[in-house]
Structures are given as structure tokens and as C-alpha cells.
Amino acid sequence: MDEIAERAGVSKPVLYQHFPGKLELYLALLDESVDTLMESLRDALASNADPKQRVAATFGAYFEYVGEKGQAYRLIFESDLSNEPAVRDRLDQVQRGCAEMVSKAVREDAGLSSDEAHLLSVGLVGMAQVTARYWLSTRDHIPREAAEQLVARLAWRGISGWPRSEH
């Protein structure tokens with residue numbers, strides 16, 4: 001907390017006025033980071049009416065978030081505090097929130113039931129997380145744009161097999 005107060009340019013008592021302890025500070029940073037990620041994904045999903053372009057935009061947004069905010073991404077998905085109940089609850093919320101946003105698009109575009117679209121969306125979100133985490137650790141080998149395009153193409157080839165709904 002001393003180092004955080006020093007870097008923030010405030011006294012430690014001022015820091016404690018806002019955050020009673022390290023967990024509360026971590027949760028505030030986690031909430032801010034999660035909000036940024038969710039907003040990026042929401043914007044990507046709304047960016048284009050063409051499903052193929054939306055898939056590319058959404059994976060692009062995820063990889064961009066991971067690449068530009070690598071420490072924030074690690075804060076969310078690679079923290080030692082992930083088993084802390086309040087942290088776990090927030091991580092579960094972001095997983096559900098991402099899957100729900102993607103699920104709506106999958107359901108509308110593919111004409112699947114809500115349960116089927118949700119299952120596929122959980123898989124797509126998981127694919128984004130795992131591949132982005134891997135890319136982050138090896139990004140010297142594959143440029144971000146190439147990595148996001150590879151993964152988006154894989155996802156599109158899988159999801160495009162369902163017919164677009166007539167709604």
C-alpha cells in the first residue's frame with residue numbers, strides 16, 4: 001500500500017480513506033478493468049451487421065484489450081486472488097456477461113435456441129481467453145493482428161455452419 005500511495009501521489013491515509021485494504025483496492029481495479037473489456041466487446045458486437053465481420057471485430061477487440069492492457073488482463077485472469085470469493089464472483093460475472101452478449105448475436109444469426117447459442121458462446125469466449133492468453137505469452141512470434149485473424153477465422157468456420165435466422 002505504501003508503494004501504491006507513493007505512485008498515486010497521495011498519502012497512505014488518503015488511500016485508506018477510499019480503500020480499507022488491499023482486497024478492496026484490487027476489487028476496484030478489477031471492476032474498472034472488467035468494465036473496459038465488456039465495453040470493448042459490446043462495441044465490437046454492435047460494429048457490423050455482417051456476422052463474419054462481427055466475429056472478426058469481437059476477436060479483434062479481445063486481442064487488442066489483451067495486447068494493450070496486458071497487465072489489466074493479467075489482473076483479471078491470472079491473479080493469485082482468483083479463489084477469493086469476492087474476486088471469484090466478479091470473474092464469474094464477466095464470464096457470464098461476455099457469453100450473454102455473444103449468445104444474443106449467435107442466437108439471432110444462427111437461428112439456434114437460447115441454450116444452444118449460450119453453449120456455443122461459452123465456447124467462443126473460452127477460445128478467445130485461452131488463445132489470447134497464449135498469444136500474450138508468445139507475442140514476439142505472431143503479430144497481434146495475425147493472431148486475432150487466425151482465431152477469428154477458426155471461430156467463423158465453426159459458427160458459420162448454422163443458417164442465419166430469418167428474424
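Keep in mind that the numbers below use all heavy atoms, side chains included, and drop hydrogens, waters and symmetry copies. Count residues from 1 along the sequence. Owing to the predicted nature of the structure, the values given are computational and were not obtained by experimental measurement.
Distance check, rounded to the nearest 0.5 Å: SG of Cys98 to CZ of Arg42 gives 9.5 Å. The CZ atom of Phe63 sits 12.5 Å away from the OG1 atom of Thr58 when rounded to the nearest 0.5 Å. To the nearest 0.5 Å, atom CG of residue Leu136 and atom OG1 of residue Thr138 are 8.5 Å apart. Here CG of Leu119 is found 8.5 Å from OG of Ser121. Values are rounded to the nearest 0.5 Å.
Ion pairing between Glu100 and Arg96 fails under the 4.0 Å rule for side-chain N and carboxylate O. Salt bridge annotation for Lys104-Glu108: present, with a cationic side-chain nitrogen under 4.0 angstrom from a carboxylate oxygen.
In this structure the side chain of Asp35 never reaches within 4.5 angstrom of the side chain of Glu39, judged on heavy atoms. The shortest side-chain heavy-atom distance between Glu84 and Leu23 falls under the 4.5 Å cut-off. With a 4.5 Å cut-off on side-chain heavy atoms, Val94 and Met38 count as touching. The side-chain heavy atoms of Arg144 and Arg139, taken from C-beta on, include no pair separated by under 4.5 Å. Side-chain contact between Leu81 and Leu30: absent, with no pair of heavy atoms (C-beta onward) separated by less than 4.5 Å.
For Trp135 against Ala147, the heavy-atom pair with the smallest separation is CD1-CB, 3.5 Å. Nearest heavy atoms, Tyr62 versus Gln129: OH-CG, 2.7 Å. Closest approach of Ala117 and Leu112 over heavy atoms only: N-CB, 4.2 Å. The nearest pair of heavy atoms linking Ser114 to Ser103 is O-OG, 4.1 Å. Among all heavy-atom pairs drawn from Arg157 and Ser160, the shortest one is O-OG, 3.7 Å. Shown here for Ala155 and Leu124, the closest heavy-atom pair between the two residues is CB-CD2, 3.7 Å.
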Worksheet item: Given Leu150 and Thr131, is the side-chain contact (heavy atoms from CB on, under 4.5 Å) satisfied, shown in steps?
Response: CA-CA 10 Å; Leu150 282 168; Thr131 56; over 6 Å; no
Practice prompt. Could you walk me through whether Leu154 and Met127 pass the side-chain contact (heavy atoms from CB on, under 4.5 Å) test, one step at a time?
Written response: CA-CA 10 Å; Leu154 174 64; Met127 181 168 56; 3.7 Å; yes
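Taking a 6.0 Å sphere around CD of Glu32, one finds it holds 12 or fewer heavy atoms contributed by other residues, nucleotides or ligands. Counting heavy-atom neighbours within 6.0 Å of Asp89 CG, excluding the residue itself, gives a total above 12.
Hydrophobic clustering keeps Val122 apart from Val55 (ILVMFWY residues linked when any side-chain heavy atoms are closer than 4.5 Å, directly or through intermediates). Leu29 and Val34 fall within a single hydrophobic cluster, where Ile, Leu, Val, Met, Phe, Trp and Tyr are joined by side-chain heavy atoms under 4.5 Å apart, directly or via other members.
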